[in-house]
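Everything numeric in this text was worked out from a predicted model, so none of it was measured.
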Amino acid sequence: MSDFVQTAFNFDVRQDTDLSDFESAGFRPLMNAINEILSGNLRELFIVGRRGFGKTHLAMAMHRYLSAHKKTVINLSLNDLISSGADGSALLGLETFDVIIIDDFQAVTSSRAWQENLFDLINRVRDQKKQMVYLATAPAKELGIGLLDLTTRLSLAPTFRLPNNEDIKDRQAMLNSVLRRKNWRLPEPIYQHLLTAGPYHAGGMLDILDKISPMLTSLPRVHIPKKTIDEVKQLIEKETLLLEIHEND
């Protein structure tokens, strides 16, 4: 694999991603399906979620989870791969991995050549009895893929939609998981504000925590100045708005 295309492959998996971030009730059917991938009972999985719903965070968490259970896994962003100018040769040999995770699958609509290359890859993966996970903004039949054979093949994969986390209990379970893994305890006013005014997905929560952590370092645990709490709340609102703008671009 050339250096030219390596940037599209997530070899450096973010270490603060974990499937426990998706342990809320809304994610339970999807988590069961991922465990079926792990056990080998499921060959393909198609995951649907609007932009900003945490698909990339989930892809990285799956990579880490499956790798920890001795699966050979590769996780790639199709959008980054196509944008890099790589051609179909970047997909050659991927069928040697146990599991191939393809994020941003909707990017395939931009290129007929890539549609044909991915169809060939799926056939090779099936021949080798390996597994694939696709993540996209819409189900296969709604993506507008020109190659009918590819649409038909993708439609055979069980499809799951990501919950929107509008239920505060789902967001609370996600935030608690992130804080527990980081071994952090937020002051209650900041915790509640992040829960109610912050992002709805784990990746955004992690980004916000990285932004606010310098403001909370070395502060007294018993009494935090109201000014600091107000500044942190304002930063949460600002960064959440910026994330929403980016997600809607």
Side-chain angles (χ1 to χ4, degrees), residues 1-17 44-64 66-67 72-97 99-125 130-151 153-155 157 159 161-162 199 201-204 206-207 210 239 241-249:
M1 190 178 301
S2 70
D3 292 338
F4 179 64
V5 300
Q6 279 193 10
T7 54
F9 293 84
N10 292 319
F11 290 119
D12 183 20
V13 177
R14 185 171 179 172
Q15 293 304 304
D16 53 359
T17 60
E44 292 178 304
L45 184 60
F46 201 104
I47 300 171
V48 177
R50 296 207 315 267
R51 188 174 179 183
F53 270 42
K55 294 187 299 300
T56 297
H57 184 82
L58 176 60
M60 290 188 289
M62 281 191 292
H63 182 286
R64 187 179 182 192
L66 295 171
S67 298
T72 58
V73 189
I74 189 164
N75 174 27
L76 63 92
S77 163
L78 191 57
N79 183 56
D80 291 348
L81 190 58
I82 294 175
S83 298
S84 73
D87 59 27
S89 64
L91 302 179
L92 294 177
L94 295 188
E95 65 275 9
T96 59
F97 288 88
V99 184
I100 304 166
I101 301 171
I102 304 182
D103 192 12
D104 300 318
F105 200 89
Q106 67 278 357
V108 74
T109 59
S110 66
S111 170
R112 176 76 179 202
W114 272 98
Q115 293 172 31
E116 294 172 353
N117 292 326
L118 284 161
F119 182 69
D120 290 342
L121 173 63
I122 293 171
N123 286 335
R124 298 196 306 272
V125 168
K130 300 300 178 68
Q131 297 164 287
M132 296 191 73
V133 179
Y134 318 96
L135 299 98
T137 54
K141 290 182 178 179
E142 298 177 17
L143 289 178
I145 298 172
L147 184 61
L148 181 59
D149 286 344
L150 178 58
T151 300
R153 184 61 56 86
L154 292 170
S155 299
T159 300
R161 287 185 178 272
L162 293 182
H201 56 88
L206 284 164
D207 290 339
D210 288 342
E239 293 298 326
L241 178 61
L242 290 175
L243 283 171
E244 291 173 352
I245 293 172
H246 174 70
E247 289 160 2
N248 292 320
D249 282 347

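The backbone N or O of Gly49 lies less than 3.5 Å from a partner atom in the side chain of Lys55, making a donor-acceptor pair. Side-chain atoms of Thr159 come within 3.5 Å of backbone atoms of Ala157 as a donor-acceptor pair (strictly under, hydrogens ignored).
Applying the side-chain hydrogen bond (donor to acceptor under 3.5 Å, both in side chains) criterion to Ser110, with sequence neighbours excluded, gives no partner residue. For Arg124, the side-chain hydrogen bond (donor to acceptor under 3.5 Å, both in side chains) criterion is met by Glu95, not counting sequence neighbours. The side-chain hydrogen bond (donor to acceptor under 3.5 Å, both in side chains) test applied to Thr96 returns no partner, not counting sequence neighbours. Listed by chain and number, the residues in a side-chain contact (heavy atoms from CB on, under 4.5 Å) with Ser83 are Asn79 (sequence neighbours excluded). Applying the salt bridge (charged side-chain N to carboxylate O under 4.0 Å, His left out) rule to Arg112 yields the partners Glu116; only residues at least two apart in sequence or on another chain are considered. With sequence neighbours left out, the side-chain hydrogen bond (donor to acceptor under 3.5 Å, both in side chains) criterion links Asp149 to no other residue.
Within the 4.5 Å cutoff, the side chain of Met132 has no heavy atoms near those of the Val99 side chain.
We find the OG1-CD1 distance between Thr151 and Ile145 to be 4.0 Å, quoted to the nearest 0.5 Å.
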field: Stepwise side chain to side chain donor-acceptor pair (under 3.5 Å) check, Asp104 with Ser77
entry: CA-CA 6 Å; Asp104 300 318; Ser77 163; 2.7 Å; yes
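For residues 131-143, the pairs satisfying side chain to side chain donor-acceptor pair (under 3.5 Å) are Glu44-Tyr134, Lys71-Gln131, with sequence neighbours left out.
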